Amino acid sequence: MSSKKDSSNSSGIAPPQHIAIIMDGNGRWAKSRHLPRSSGHQKGVQTVRKIVKHSAKLGVKTLTLFAFSSENMRRSSEEVGLLFKLFLSVLRTETKKLKENNIRLKIVGDLSAFTPEIIALAKEAESSLQKNTGLTLVIAANYGGQWDIAETAKKIAIDVSNGDIDPENIDTSLFNRYTSLSGLPEVDLLIRTSGEIRLSNFLLWDIAYSEFYFCKTLWPDFNEDSLDEAIDNFHRRDRRFGERNGEN
Ligand code: IPE
Ligand code: IPE
Ligand code: MG
C-alpha cells in the first residue's frame, strides 16, 4: 500500500507505488486524422516511451500497461498481425533503453498465442533486465483478468494435488502469491484513457482497493502532464480502506 514516507519525488509527495493503465483510444485517434488504425498504434508506442520515462523519473515503483487484451485477439487478422509485429519491434528496440534506465521488465498474459520469436525475445528481455533496481514495467499482453484468476486457481490446484498446499490454508494472501502480479506492490491507481468507463477484463483481483481515474484523452495524446494530472487527482482522494480514520 502507498505510504507518503516512501520514495518522495522533487515535489516532496510520494507518487503512487503502482500505477496501471488501460491504454485506449489509438483507433479513434487515427480515425479522427483519416489515418489507418496502425498509425494510432504506432503513435501509442511513442506515448508508452514517454510515460515509462516519466513514471521512472517520478519514482513510481511499478507501472503496469495493458497492451493487448485476450479479447483483442478477436480483431481482424490484419490488426492482430500488426499488433504482434509492433510488440516484436518494441522488444527488439527498447530492451537496451530499458537497461540503460535501470528498468525491470515483466510480461504477463497468455504468451502461448504469440510466435516463438516473440516468446523467446520476451523471455530474453525479462532475464537481461532482471537485475535492474528501478521501475518495474509490467506489460500485459494477451492478458485477461479472468484468465489470471483461472490460471491462479489452476496453479494452486496443482500444488494441492502434489500435497504442497493444504486446502485449509488457501486464503487471500496465498492466492496473491500465485497471481501474475505476485510480489509487486498493490495497484494504487488505475487509469483508463479515451473516455470509456469499463475495465474490459483488465486486472480484476488486483484492483480491489485501487483508485480509478478515467480521462477523455486518447492514448496517443496522453503525455507527462496528463499523468501528473492523474497523480494530483489521486493525491486528493481519501483512501480509507474500510476504516473510519479515527472517527466514531
Ligand atoms: C487501444 O486502442 C489499443 C489496443 C486495444 C490494442 P484501440 O485500438 O482499442 O483504439 P479505439 O478504442 O478503437 O479507439
Ligand atoms: C482494452 O481496450 C484493451 C487495451 C487497451 C489493451 P479495448 O478497446 O479492447 O476495450 P473495449 O473493446 O472498448 O472494451
Ligand atoms: Mg479501444
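Atoms within a ligand are numbered from 1 in the order they appear, just like the ligands themselves. Owing to the predicted nature of the structure, the values given are computational and were not obtained by experimental measurement.
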| From Ile13 atom CD1 to Leu58 atom CG, the distance as rounded to the nearest 0.5 Å | 11.5 Å
| remark: Note on the Mg ion (ligand 3): protein N/O/S atoms within less than 2.8 Å are Asp24 OD1
| said: Between Asn101 (side chain only) and Lys97 (backbone N and O only), is there a donor and an acceptor less than 3.5 Å apart? | reply: yes
| query | Do His54 and Asp228 meet the criterion of a side-chain donor-acceptor pair at a distance under 3.5 Å? | reply | yes
| Which word best sums up how the rings of Phe212 and Phe214 line up, parallel for under 30°, tilted for 30 to 60°, or perpendicular for over 60°? | perpendicular
Close N/O pairs between ligand 1 and protein, under 3.5 Å:
{"from": "ligand 1", "atom 1": "2 (O)", "to": "Gly25", "atom 2": "N", "distance (Å)": "3.4"}
{"from": "ligand 1", "atom 1": "2 (O)", "to": "Asn26", "atom 2": "N", "distance (Å)": "3.2"}
{"from": "ligand 1", "atom 1": "8 (O)", "to": "Arg37", "atom 2": "NH2", "distance (Å)": "2.8"}
{"from": "ligand 1", "atom 1": "8 (O)", "to": "Arg75", "atom 2": "NH1", "distance (Å)": "2.8"}
{"from": "ligand 1", "atom 1": "9 (O)", "to": "Asp24", "atom 2": "OD1", "distance (Å)": "3.0"}
{"from": "ligand 1", "atom 1": "9 (O)", "to": "Arg75", "atom 2": "NH2", "distance (Å)": "2.9"}
{"from": "ligand 1", "atom 1": "10 (O)", "to": "Asn26", "atom 2": "N", "distance (Å)": "3.2"}
{"from": "ligand 1", "atom 1": "10 (O)", "to": "Gly27", "atom 2": "N", "distance (Å)": "2.9"}
{"from": "ligand 1", "atom 1": "12 (O)", "to": "Asp24", "atom 2": "OD1", "distance (Å)": "2.9"}
{"from": "ligand 1", "atom 1": "12 (O)", "to": "Arg28", "atom 2": "NH2", "distance (Å)": "2.8"}
{"from": "ligand 1", "atom 1": "13 (O)", "to": "Arg37", "atom 2": "NH1", "distance (Å)": "3.3"}
{"from": "ligand 1", "atom 1": "13 (O)", "to": "Arg37", "atom 2": "NH2", "distance (Å)": "3.1"}
{"from": "ligand 1", "atom 1": "14 (O)", "to": "Gly27", "atom 2": "N", "distance (Å)": "3.3"}
{"from": "ligand 1", "atom 1": "14 (O)", "to": "Arg28", "atom 2": "N", "distance (Å)": "2.7"}
{"from": "ligand 1", "atom 1": "14 (O)", "to": "Arg28", "atom 2": "NE", "distance (Å)": "2.8"}

| said: Tell me whether the rings of Phe66 and Tyr143 are parallel (<30°), tilted (30 to 60°) or perpendicular (>60°). | reply: perpendicular
| Proximal atoms of ligand 2 relative to Arg198 (non-hydrogen, under 4.0 Å) | 11 (P), 13 (O), 14 (O)
| task | Tell me, yes or no, whether the heavy-atom count around Lys50 atom NZ, taken from other residues, nucleotides or ligands under 6.0 Å, exceeds 12. | result | yes
| Is there a donor-acceptor pair under 3.5 Å between the side chain of Thr152 and the backbone N or O of Asp148? | yes
| remark: Note: Ser182 and Asn176 closest approach over all heavy atoms is CB-O, 3.3 Å
| Check: Gln146 main-chain N/O paired with Asn201 side-chain donor or acceptor under 3.5 Å | yes
| query | Parallel, tilted or perpendicular for Phe68 and Phe84, by the 30°/60° rule? | reply | perpendicular
